[in-house]
Novice: 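The following block contains the structure, expressed as structure tokens.
All values below were derived from every heavy atom in this structure, side-chain atoms included, with hydrogens, water molecules and symmetry-related copies excluded.
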Amino acid sequence: MSESERKKSIQSIKGTKDILPDEVWMWQKLEEIAGNLFERYGYRQIRTPVFEATELFEKGTGETSDIVTKEMYSFRDKGGRDITLRPEYTPSVVRSIIEHRLHLRTPPLRFYYFGPMFRYDKPQKGRYRQFHQIDVEVFNEKDAAIDAELVEMAQQLLIRLGVKDIHILVNSVGCTACRPSYHQHLRKSADQARENLCKDCRRKIDTNPLRLFDCKEESCRKISEGFPLITDHLCQECRDHFLAFCAYLDELSISYLVESRLVRGLDYYTKTTFEFTSGALGAQDAILGGGRYDDMMKQFGGPDICGTGFAVGIERLLSAASLEENKREWLYIATLGAEARIMGMKLARELRAEGWECLIEYRERSLNKQLGRAHKLGAGRVVLIGDEEVRSGRVQLKNMSSGQQTDVSVLGLAEALNVSD
RNA sequence: GUGGGUGUAGCUCAACUGGUUAGAGCACUGGAUUGUGGUUCCAGAGGUUGGGGGUUCGAAACCCCUCACUCACCCCA
């Protein structure tokens with residue numbers, strides 16, 4: 001291996017990144033806040049493997065979705081199995097429920113999850129190849145009220161995390177009964193205007209007609225205003241469901257925008273879909289997305305149970321959130337000389353057993369340097385041990401903010417520490 | 001996958017039209033101060049200028065390739 005190859009080989013993979021110690025606290029705090037909130041709504045954490053049979057996503061996420069057609073990390077393992085690093089979470093949960101017959105256990109079927117997802121996409125700000133999601137799923141709740149409760153819970157989450165400038169977009173994408181006929185209508189209208197549409201839109205007529213609505217071209221925009229909207233073509237059941245969903249949101253005083261052009265990138269959604277965006281983010285502004293999927297479970301040969309849920313991008317969430325780190329008080333133990341060091345180590349063991357965070361740095365440094373370190377690192381108090389302390393069995397306890405220093409016995413130290421001075 | 005921009009010390013940035021030994025602030029280490037921190041002063045260490053190739057007497061600068069980041073498209077979390 002040459003020098004340059006060696007250098008190259010030690011970089012992290014494109015689109016992945018390390019979460020360093022000075023930012024891990026945010027992730028922990030986020031998970032704590034989110035988990036705590038979800039549990040109040042009756043959700044429980046579930047954890048499934050990061051890789052699954054490729055077939056799971058082909059069937060679940062959808063053969064025609066962008067994710068499956070071009071973004072999956074798929075490989076064959078040494079046993080000849082076709083495996084994919086999960087690009088999203090929902091199919092895994094569905095699989096797990098069926099596999100463990102969770103629907104036969106005592107309800108509710110409400111799950112949440114934090115973990116990495118993998119998509120081979122072009123990285124940019126807010127978009128990574130390994131990224132992390134919070135995922136929430138509810139099963140066997142047909143009523144539109146649960147869709148509204150999910151939106152309400154999602155909103156609570158963002159509020160608790162201090163995310164500003166939130167927009168909530170909602171839509172219904174119909175079901176297998178009404179969506180195909182709507183697509184036909186839309187295609188027909190678009191086809192009639194084909195001549196006047198841009199190249200991109202002409203392609204979308206066949207591949208993804210719903211995307212015709214968000215073309216940037218002014219002329220296309222004008223034309224698409226005349227296209228039929230899904231919300232005008234829902235079957236009775238879907239229309240009722242959507243109206244009920246919106247009515248519940250109104251009752252909960254949640255402001256939202258009905259966005260009939262809102263399409264999610266996943267094929268399996270039925271009826272309700274929703275998306276939260278934040279103005280704090282820039283181009284990749286979708287922070288949370290979700291919806292209902294009535295058919296996935298039975299498509300996998302499971303029970304005919306509906307599902308509804310959402311996913312939140314943690315990286316995007318954190319860049320829009322404003323969290324404050326919990327300050328904690330800890331001790332710097334400064335020692336001078338070999339005997340003092342041993343005394344410090346023994347003392348630290350006792351204090352740690354009491355729950356105190358103690359830091360001793362095993363490097364010969366002057367007291368001056370050690371206090372400088374303690375100050376810079378933000379120690380609240382310093383325990384000082386030198387020859388005199390070794391002899392007397394007492395130590396100096398110094399408060400770094402007041403500068404006050406007291407002489408305490410080793411036995412009385414734990415007690416002295418509990419007095420905030 | 002398609003276009004544009006940017007890569008100089010751990011971080012933020014300098015370095016004329018291509019000119020000789022690539023600098024500064026912050027951070028780091030040591031000393032002034034061998035048992036008392038925030039200021040100050042002195043000193044030190046730290047770079048194959050993202051990597052490779054080319055043009056040139058001479059490249060951080062210009063050209064090509066590549067890698068990474070970044071913005072837009074696409075798509076999505």
Novice: For A/Glu389, which contact category applies under a 4.0 Å heavy-atom criterion: base, sugar-phosphate, or nothing?
Specialist: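 Contact class for A/Glu389: base.
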Novice: Report the distance from atom CD of A/Gln133 to atom P of B/A77, rounded to the nearest whole Å.
Specialist: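 Whole-Å distance recorded here is 6 Å.
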Novice: Think A/Lys14 has a side-chain N or O under 4.0 angstrom from the OP1 or OP2 of B/A68?
Specialist: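 True: A/Lys14 side-chain N/O within range (under 4.0 Å) of B/A68 OP1/OP2.
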Novice: Applying a 3.5 angstrom cut-off to the pairing atoms, does RNA chain B sit in any stems of at least three consecutive Watson-Crick or G-U pairs? List them by first number.
Specialist: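 Detected stem regions: B:1-7 with B:67-73, B:10-13 with B:23-26, B:28-32 with B:40-44, B:50-54 with B:62-66.
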Novice: Measure the CG-CD distance between A/Leu157 and A/Glu152 for me, rounded to the nearest 0.5 Å.
Specialist: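 Going from CG on A/Leu157 over to CD on A/Glu152, the span is 11.5 Å.
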Novice: Within 45° of the six-membered ring axis of A/Tyr128 and under 6.0 Å from that ring's centre, is NZ or CZ of A/Lys17 located there?
Specialist: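 Verdict for A/Tyr128: a cation-pi partner in A/Lys17.
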Novice: Under 4.0 Å, counting only non-hydrogen atoms across every strand here, what does A/Lys376 touch: a base, just sugar-phosphate, or nothing?
Specialist: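 Sugar-phosphate only.
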Novice: Going from NZ on A/Lys29 to CG on A/Leu161, what distance comes out if it is rounded to the nearest 0.5 angstrom?
Specialist: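 Going from the NZ atom of A/Lys29 to the CG atom of A/Leu161 covers 10.0 Å.
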Novice: Have a look at A/Leu288 and say if it touches a base, only the backbone sugar-phosphate, or nothing, with a 4.0 Å heavy-atom cut-off.
Specialist: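 A/Leu288: backbone/sugar contact only, no base atoms under 4.0 Å.
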Novice: Pick the P atom in B/C16 and in B/G23, then give their distance to the nearest Å.
Specialist: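 Pairwise P distance, B/C16 against B/G23, rounds to 13 Å.
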Novice: Tell me whether A/Phe51 at atom CZ has more than 12 heavy atoms from other residues, nucleotides or ligands lying less than 6.0 Å away.
Specialist: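 No, not enclosed.
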Novice: Have a look at A/Tyr293 and tell me which of A/Glu137, A/Lys271, A/Gln299 forms a side chain to side chain donor-acceptor pair (under 3.5 Å) with it.
Specialist: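 The passing option is A/Glu137.
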Novice: Using side chain to side chain donor-acceptor pair (under 3.5 Å) as the criterion, point out the one residue from A/Gln404, A/Glu329, A/Gln405 that pairs with A/Arg381.
Specialist: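 Running side chain to side chain donor-acceptor pair (under 3.5 Å) over A/Gln404, A/Glu329, A/Gln405 with A/Arg381 returns exactly one hit, A/Glu329.
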Novice: Taking the P atom of each, how far is B/C42 from B/G58, in whole Å?
Specialist: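 After rounding to an integer number of Å, I get 41 Å for this pair.
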Novice: Should the pair A/Arg129 and A/Tyr120 be classed as cation-pi, given the thresholds of under 6.0 Å to the six-membered ring centre and 45° from the axis?
Specialist: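 So A/Arg129 does make the cation-pi contact.
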Novice: Sticking with atom P, work out how far B/C62 lies from B/U49, rounded to a whole angstrom.
Specialist: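 After rounding to an integer number of Å, I get 16 Å for this pair.
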Novice: Have a look at A/Gly378 and say if it touches a base, only the backbone sugar-phosphate, or nothing, with a 4.0 Å heavy-atom cut-off.
Specialist: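 Result for A/Gly378 = nothing.
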Novice: With a non-hydrogen cut-off below 4.0 angstrom, is A/Gln396 in contact with a base, only sugar-phosphate, or nothing?
Specialist: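 Here A/Gln396 touches the bases of the nucleic acid.
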Novice: Could you work out the separation of B/G18 and B/C57 based on their C1' atoms and round it to a whole Å?
Specialist: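 Between the two C1' atoms, the distance is 12 Å.
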Novice: Are A/Tyr89 and A/Tyr113, when compared by the centres of their aromatic rings, separated by less than 6.0 Å?
Specialist: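 Under 6.0 Å, so yes.
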Novice: Would the base of B/U36 count as contacting A/Lys398 through its side chain, where contact means a donor and an acceptor less than 3.5 Å apart?
Specialist: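 Such a pair exists between side chain and base.
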Novice: Please give the distance between the P atoms of B/G54 and B/A61 as a whole number of Å.
Specialist: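 Rounded to whole Å, the distance is 14 Å.
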Novice: Can you figure out which of B/G37, B/G3, B/A77 approaches the side chain of A/Arg127 most closely?
Specialist: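 For A/Arg127, the side-chain atoms sit closest to B/A77.
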Novice: Is there a donor on the side chain of A/Arg119 or the base of B/A77 sitting less than 3.5 Å from an acceptor on the other?
Specialist: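 Present.
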Novice: Between residues 356-373 of chain A and RNA chain B, which residues have a heavy-atom gap below 4.0 Å?
Specialist: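 A/Arg363, A/Arg365, A/Leu367, A/Asn368, A/Lys369, A/Leu371, A/Gly372, A/Arg373, in order of number.
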Novice: Would you mind telling me which residue lines up with the more 5' stretch of RNA chain B, A/Glu71 or A/Gly15, judged by nearest nucleotide?
Specialist: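 Final value for this comparison: A/Gly15.
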Novice: Out of the candidates A/Asp147, A/Thr270, A/Asp294, only one should pair with A/His241 under the side chain to side chain donor-acceptor pair (under 3.5 Å) rule; please name it.
Specialist: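 Only one of A/Asp147, A/Thr270, A/Asp294 forms a side chain to side chain donor-acceptor pair (under 3.5 Å) with A/His241, namely A/Asp147.
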Novice: Heavy-atom nearest nucleotide on RNA chain B for A/Gln405 versus A/Ala311: which residue maps closer to 5'?
Specialist: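 Between the two, 5'-proximity favours A/Gln405.
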Novice: B/A45 and B/U70: how far apart are their C1' atoms, nearest whole angstrom?
Specialist: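 Their C1' atoms lie roughly 33 Å apart.
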